2 protein chains.
Amino acid sequence: MDQQTQQRIESRARIIKALAHPTRLFIVEQLSHGERCVNELTEMIGHDTSTVSKHLAVLKNAGLVNDDKRGLQVYYTLKTPCILNFLSCVEDVVQANLDEQLITAGGSD
Amino acid sequence: MDQQTQQRIESRARIIKALAHPTRLFIVEQLSHGERCVNELTEMIGHDTSTVSKHLAVLKNAGLVNDDKRGLQVYYTLKTPCILNFLSCVEDVVQANLDEQLITAGGSD
DNA sequence: ATATAATTTGGCTATATTGCCAAATAGCCA
DNA sequence: TGGCTATTTGGCAATATAGCCAAATTATAT
């Protein structure tokens with residue numbers, strides 16, 4: 001594997017990693033409905049504000065969200081709507097896995 | 001956040017997590033060109049066979065690949081082609097990030 | 001200036017992940 | 001059976017991640 005391939009793959013992995021956490025997926029889903037400030041997200045998520053803030057920092061670092069400070073609040077928005085298509089693909093996999101489990105469970109043993 | 005939402009999101013995160021590693025992304029990319037056995041992948045990746053085998057187990061557990069033992073080899077195939085669309089979206093984000101860095105680097109300071 | 005509210009940062013512990021080595025397993029062939 | 005090859009499994013050490021609390025930062029209003 002040449003170095004260019006390596007780097008390309010690592011860039012991608014960094015972004016996917018940023019999405020690979022339930023809380024951050026939830027945030028992305030919320031932002032797909034419009035901007036949200038840290039406080040709103042924190043209330044929905046039920047973790048410490050600092051934890052939510054750190055998750056947002058991860059998403060921002062990956063280039064997935066933008067932040068916009070207005071007054072005391074910082075409003076976050078989704079930067080890349082195509083992420084949502086990605087998520088619907090992931091949902092297909094979830095469904096396929098469930099179907100398979102049904103088949104496995106229902107099959108002869 | 002109700003329990004159903006929680007579970008849905010965790011299912012998704014599990015799958016995304018399986019993709020969130022350079023080696024596993026590389027494997028998925030290779031499999032998009034056709035089936036590969038563990039040995040072939042190991043040679044390309046340059047890690048221990050056991051390491052590659054464990055990465056493959058992660059992908060399999062997430063329902064992303066199938067394995068098929070034929071003789072001594074185990075051949076792995078991609079189970080969900082839509083994953084590739086997902087990756088092309090990720091690539092868009094990579095590009096957007098790069099572009100932004102160029103702008104930032106070139107901007108006035 | 002002070003008080004208050006929203007957010008971020010630093011620091012800590014607990015847990016999870018990665019990669020290696022060694023050993024176990026599975027299939028083929030003599 | 002015994003040897004050989006491909007793959008998986010177990011176990012360990014190093015590193016990364018997540019969450020909490022406390023403290024710092026930023027903006028508003030009195």
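Just so it is clear, the structure is predicted and the values come from calculations on it, not from any experiment. We name chains A, B, ... by the order of the sequence lines, and we start the count at 1 in each one. Every heavy atom of this structure was used, including side-chain atoms; hydrogens, water molecules and symmetry mates were not.
- The nearest pair of heavy atoms linking L19(A) to L25(A) is O-CG, 3.4 Å.
- For dG19(C), the OP1/OP2 oxygens have a side-chain nitrogen or oxygen of H55(B) closer than 4.0 Å.
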Strictly under 3.5 Å: I want the nitrogen or oxygen pairs between protein and nucleotides 8-14 of chain C, one per line.
from, atom 1, to, atom 2, distance (Å)
dT8(C), OP1, Y76(A), OH, 2.7
dT8(C), OP2, S53(A), OG, 2.6
dT8(C), O5', S53(A), OG, 3.3
dG10(C), O6, K54(A), NZ, 3.0
dG11(C), O6, K54(A), NZ, 2.5

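- What you find for L72(A) and K69(A) is that their closest heavy atoms are O-CE, 4.3 Å.
- A donor-acceptor contact shorter than 3.5 Å links the side chain of E40(B) to the backbone of C37(B).
- Using a 4.0 Å cutoff on non-hydrogen atoms, the parts of residues 8-24 of chain B near DNA chain C are K17(B), H21(B), R24(B), ordered by number.
- Comparing the start and finish of the helix from dA1(C)-dT30(D) to dA30(C)-dT1(D), five pairs each, the helix axis swings through 20°, to the nearest 10 degrees.
- A chain of hydrophobic side-chain contacts below 4.5 Å, direct or via other Ile, Leu, Val, Met, Phe, Trp or Tyr residues, connects L84(B) to I15(B).
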Checklist line | Under 4.0 Å protein heavy-atom contact, by nucleotide of nucleotides 24-30 of chain C - B base, S sugar-phosphate only | finding: --SBS--
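- Across the protein-nucleic acid pair, Y75(B) atom OH and dA6(D) atom C1' stand 10 Å apart, rounded to whole Å.
- Rounded to whole angstrom, the span from the CZ atom of R36(A) across to the C1' atom of dT7(C) amounts to 18 Å.
- Residues in residues 34-54 of chain B take part in no ring pair (Phe, Tyr, Trp, His ring centres under 6.0 Å) pair, two or more places apart or across chains.
- The separation between I27(B) atom CD1 and dG19(C) atom P is 10 Å, rounded to whole Å.
- The nearest whole Å value for the distance from the CG atom in N61(B) to the P atom in dA16(C) is 16 Å.
- The shortest non-hydrogen separation linking A18(A) to L64(A) is CB-CD1, 4.0 Å.
- Of the possible donor and acceptor atoms, none in the side chain of S53(B) sits under 3.5 Å from a partner among the backbone N and O of T49(B).
- Considering every non-hydrogen atom in both I9(A) and P22(B), the closest pair reads CG2-O, 3.2 Å.
- Remark: of the listed residues L78(B), V65(B), N66(B), D67(B), V65(B) is the sole one forming a side chain to side chain contact (heavy atoms under 4.5 Å, CB included) with L59(B).
- Whole-Å rounding puts the K60(B) NZ to dT7(D) P distance at 13 Å.
- Other residues, nucleotides and ligands contribute over 12 non-hydrogen atoms within 6.0 Å of the NZ atom of K79(A).
- Sorted by first and then second residue, the side chain to side chain donor-acceptor pair (under 3.5 Å) pairs with a member in residues 13-26 of chain A read R24(A)-H55(A); sequence neighbours excluded.
- Closest approach of Y76(A) to L31(A), counting heavy atoms only: O-CD2, 3.4 Å.
- Nucleotide dT26(D) holds its P atom 17 Å from the CG atom of D68(A), rounded to whole Å.
- I45(B) and I16(A) fall within the same hydrophobic cluster, where Ile, Leu, Val, Met, Phe, Trp and Tyr residues are linked whenever their side-chain heavy atoms come under 4.5 Å apart, directly or through other members.
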